[in-house]
Amino acid sequence: MIEPALAPLDVARIRADFPILERKINGAPLVYLDSAATTQKPNVVIDAIGNYYRTSNANVHRGVHSLGNEATDAFELGRRRVAQFIDADPAGLVFTRNTTEALNLVAASYAREMLQPGDRIVVTEMEHHSNLVPWQLASERAGLELAAIRLQDDGTLDMDDAERLLKPPTRLLSVTHQSNVLGTVNDLATLTRLAHAAGALVCVDAAQSVPHRPVSVRQLDCDFLAFSGHKMCGPMGIGVLWARPEPLNAMPPFQGGGSMILRVTLQHSSWNDVPHKFEAGTPDVASVVGLAAACDYIDNIGLTAICEHETRLTKRLLDVLTTIGDIDIHGPLDLTQRGGCVSFNVGNVHAHDVGTILDRTGIAVRAGHHCCQPLMQRLGVPATTRASTYLYTTPNEIDALGEGLAEVKRVFRV
Amino acid sequence: MIEPALAPLDVARIRADFPILERKINGAPLVYLDSAATTQKPNVVIDAIGNYYRTSNANVHRGVHSLGNEATDAFELGRRRVAQFIDADPAGLVFTRNTTEALNLVAASYAREMLQPGDRIVVTEMEHHSNLVPWQLASERAGLELAAIRLQDDGTLDMDDAERLLKPPTRLLSVTHQSNVLGTVNDLATLTRLAHAAGALVCVDAAQSVPHRPVSVRQLDCDFLAFSGHKMCGPMGIGVLWARPEPLNAMPPFQGGGSMILRVTLQHSSWNDVPHKFEAGTPDVASVVGLAAACDYIDNIGLTAICEHETRLTKRLLDVLTTIGDIDIHGPLDLTQRGGCVSFNVGNVHAHDVGTILDRTGIAVRAGHHCCQPLMQRLGVPATTRASTYLYTTPNEIDALGEGLAEVKRVFRV
Amino acid sequence: MVGFSNTTPVEDDLYREIVLEHYSHPRHRGELETASSRVDATNPLCGDELSLAWRVEGGRISGIAFSGRGCSISMASASMLCEALDGQDMATAADIAARFRSMLLDKGPSDGLGDLEALRGVAAYPVRIKCAVLAWNALLQELAGTAETEP
Amino acid sequence: MVGFSNTTPVEDDLYREIVLEHYSHPRHRGELETASSRVDATNPLCGDELSLAWRVEGGRISGIAFSGRGCSISMASASMLCEALDGQDMATAADIAARFRSMLLDKGPSDGLGDLEALRGVAAYPVRIKCAVLAWNALLQELAGTAETEP
Ligand SMILES: Cc1ncc(COP(=O)(O)O)c(C=O)c1O
Ligand SMILES: Cc1ncc(COP(=O)(O)O)c(C=O)c1O
């Protein structure tokens, strides 16, 4: 049975929801191909933040007055809405600043506090610094071993190496769902099976997957999952750690302060229930409200449709890059193995020069190490140029990128 | 020479800047006397956030494209603006989520990592849980001693006890500038002199002072200072840790991830310069922009004028409470020793009942332990009612509170 | 004269006479030395603290008491709980508890709840509902726990 | 024909001929075994890495070289730096560095800067200024350090 293809996105209508897309950059219309770094925000999200401050702003969980109650309701409804977005129980959903903080929370309260010297943590060669440095800090301080699953030349993980490493004394695998450089979507089903069979927990860096494809923590069967609001049409300053109840209940607090306590004396304290135990101090209620609005916005359009749209764009992007010539594409070319974020190098032109020339005609791409220095070393390049798409990206913008790259070749005589 | 009194604030004009103040609560106009928990936001702050998302949103510190550059400029200009607000060098200004995270940063990266077993940390009996629990966590984990300066019955610190405790092996004093329950403004000059003479550093919880009176870290001569944007007309989700360069440079990172690194390999990393070393992951640029707008807004009105306004309101509030009778006021009555936040109990009516009755006529006060359980124990009450003022508070609102409290007495036959 | 003259104040919808009466003169307050069940409940955000203890003999509650401190609603509710459940068989006790919760959380009917009906007004004060159900939740939790461990 | 015919492209304001020429054929690239000063510079956010080494004899730079990798602007700037400073006395070297920085950061005059003037266009690209001044900042930092430790 063939799945009926979804109707293509009405991108023109979607674009009208994003006021920044009307901007001109250096006299040209903005072509925003940097959504993997942060996405733009639709009016409904911007307005949700403003409306919260204009009508219901108060501190939460602490008061008997009506505004405090409205703010608390908005906050906890937001928690439920975001949990629903990843098919999770809200009791396991902890709000953090971003993916980075979510991963640091697991590294500090689980790896550093609950693992034993000699235990091993496994990551991969394609990890973002945010899914590497926290484990380095925890490993150094708690005497843990840190190992990385090797990458194959096609930009996918070496599953033999995974099998070798996902054995005792491995206690935790922390792996990205989708690479922010290569676009590779990792085979989490196999990795999770191997890790769990070895008695290790699985932490998923979902910063690049939750915004772009349907993600269910129940189906993934992972133990921890981290992502950022700002990469999914939501506000900056809000991220999520979801965790299964067993590790979450057992873990000691991450930060101490208001809201996370049950009873406090000058010398000792006891802790509130999860998820509150991990949310110290005044939370960013406005951003939670904004993130819930982003979930509504995305779900109204449909993640499956968004994912199909991005696949079509990625196909066009790969075609354009191949047609131009003298371009090294990093990461898999098979569209079933990747998402809509493509890194490449133009001849031996430095990525910054590529980025600057593109910016002169309004095209925003990322150029640099993308917070993946070990991956750059593995690829043997100092930096790459990365173009990344989202629901508001049009085929014309991909073509504009092609023209810009032709100009790069002209200027640098590649 | 008598200081010329400043012109009183034009509160009617100020109130027009705060859209939420037009709200009705249970049919009555909102009387917001809970600014110590979080303040309301003027249009300029709400609009600054919206405008950022509508025109310049991008990730920072990572790109060569124009939007990325605009966002980075906005972020770093925001840092300079906020540093100026507390008379500080921006290189020592670290953005955090809130006061709580700022204090946890010092507890984790300074106390836990740099102090030795047996070293002593000193706090006070009036601290907010956010300035107590982080030190408990660090002390337990690093074998430190934790002691608290006693409170006198008038709600001020026992300076003899301070002198006794601020001796070796004390290495750090962490103290609130202004109590969020008692309103007490502590004598930081003396405390800092004693601590520094003993070779201890001084960390100031300025959550309740920076929003309400001019604060200069140079004049305070402290080593660390923490505060929250949401308590000073700014957005939620953004706070500040300022620190002197010596401890800040010496401290290991707090969280690992993007932006805080210099060079990363799979096994080891080195760190970026301060303040970036302490800012892992995508920061909340929009909230920094909003906080900078809040600094402008407050400075345009003038902190000295705001402080005088609050002093006048506090005088009226203390008079009203005294006139009503059967009310226990906690904290100093001398206006030179306190700020505009007053806690009290009405007969033996529970604070929640007080809060509920006031809320029925639109009056929002806080009722509970105010995240100060040890102080509640010291005061011998389970909870207090707290009324707190800000630049938009009017004398009429104080009078409305008085009427509400008379109704409390009537219902409960006090 | 009910609801007619405006010189007689209409009764407060939340702080009904009978609620305030239970608050100032709580029934069954104290310790129950011979308790067969005992349970603590706290509301960490408010600071309410409550202990409930009861004795079951021949399938009936033959003694019940509470102690603790908190707001008028949580204390009056605990006092009324003790009065309503003392002497009841366990099935009836559980049924009353379920109907009381339903009255507050789902605005369900209050028939046959007696004095407890006086707490109906709390339903209009969302933040106070957790005060009113504090003792009841503790009771139901303990009953559920007992039910599970007994065959 | 300058600026006249639109068949001859106007020179790129950033990637001037001479800049690209220094980038593809850098001068003084390599190691300087007999260096008296050596300094490293990195731009962590871009990944640019650069080493600069020079030898001072009789108050003059008698040899200078750079190595490293980075974008065209940082590499061309380092190449031009070496060419401009080789053989200069220390005061002149510092003066050229200061004027180069001023040209980019304060849009100051470029008289007498020779080839370096070709980098003036960078001033219009704020994010790239740090690429252009990378080698120069390293040099000035080292000179300042030396000045402080020498009487
Ligand atoms: C795969 C991946 N992990 C982690 C992060 C870190 O996200 P944030 O900066 O929002 O913490 C990013 C984005 O920067 C990412 O792409
Ligand atoms: C004195 C004091 N310290 C710390 C805090 C904690 O602030 P935040 O919740 O913004 O981290 C507060 C406010 O809640 C406070 O009043």
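Chain identifiers are assigned alphabetically (A, B, ...) following the order of the sequence lines, protein sequences preceding nucleic acid strands; residue numbering begins at 1 within each chain.
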Answer with side chain, backbone, both or neither: which region of Asn104(A) has an atom nearer than 4.5 Å to a non-hydrogen atom of chain B? side chain

Region of Met260(A) that comes under 4.5 Å of a non-hydrogen atom in chain B: side chain

So if I apply the side-chain contact (heavy atoms from CB on, under 4.5 Å) rule between Gln373(A) and each of Ile261(B), Thr265(B), Leu266(B), which one comes out positive? Ile261(B)

Per-residue contact mode, Glu22(A) against chain B (heavy atom under 4.5 angstrom): neither

Side-chain contact, heavy-atom cut-off 4.5 Å: His230(B) with Val285(A)? no

Does any heavy atom of chain B fall under 4.5 Å from the side chain of Arg112(A), the backbone, both, or neither of them? side chain

Below 4.5 Å from any heavy atom of chain B, which atoms of His370(A) appear? Answer side chain, backbone, both or neither. neither

Against chain B, label Arg23(A) side chain, backbone, both or neither, depending on which of its atoms sit under 4.5 Å from a heavy atom there. side chain

Against chain A, label Ser56(B) side chain, backbone, both or neither, depending on which of its atoms sit under 4.5 Å from a heavy atom there. both

Between Glu101(B) and chain A, with a heavy-atom cut-off of 4.5 Å, which part of the residue counts as in contact: side chain, backbone, both or neither? both

Can you tell which part of Pro235(A) gets under 4.5 Å to a heavy atom of chain B, answering side chain, backbone, both or neither? both

Donor-acceptor pair, distance only, cut-off 3.5 Å: does the side chain of Asn59(B) make one with the backbone of Thr38(A)? no

At a heavy-atom separation under 4.5 Å, does Ala148(B) approach chain A through its side chain, its backbone, both, or neither? side chain

Heavy-atom distance under 4.5 Å to chain A: side chain of Asn26(B), backbone, both or neither? side chain

Looking at side-chain heavy atoms only, is the closest gap between Asp359(B) and Asn69(A) below 4.5 Å? no

Let me know if Gln255(A) has heavy atoms under 4.5 Å from chain B in its side chain, its backbone, both or neither. both

Show your reasoning for whether side-chain contact (heavy atoms from CB on, under 4.5 Å) applies to Arg366(B) and His65(A). CA-CA 7 Å; Arg366(B) 188 115 307 211; His65(A) 62 70; 3.4 Å; yes

Using heavy-atom distances under 4.5 Å, tell me whether Gln377(B) contacts chain A through its side chain, its backbone, both, or neither. side chain

Per-residue contact mode, Arg360(A) against chain B (heavy atom under 4.5 angstrom): neither

Using a 4.5 Å cut-off on heavy atoms from C-beta on, say whether the side chain of Asp284(B) contacts that of Asp284(A). yes

Hey, are the side chains of Tyr53(A) and Val45(B) touching, using non-hydrogen atoms and a 4.5 Å cut-off? no

Do you know which of Leu146(B), Asn57(B), Val64(B) has the most heavy-atom pairs under 4.5 Å to chain A? Asn57(B)

Region of Val123(B) in contact with chain A, defined by heavy-atom distances below 4.5 Å: neither

Under 4.5 Å, counting heavy-atom pairs only, tell me which of Ala286(B), Ala58(B), Ser287(B) racks up the most with chain A. Ala58(B)

Side chain, backbone, both or neither: which part of Leu30(B) has a non-hydrogen atom closer than 4.5 Å to chain A? side chain

Non-hydrogen atoms of chain A under 4.5 Å away: do they reach the side chain of Tyr32(B), the backbone, both or neither? side chain

Min side-chain heavy-atom separation Met236(A)-Val289(B) under 4.5 Å: no

Which pair of non-hydrogen atoms, one from Gln136(A) and one from Ser269(B), has the smallest distance, and what is that distance? OE1-OG, 2.5 Å

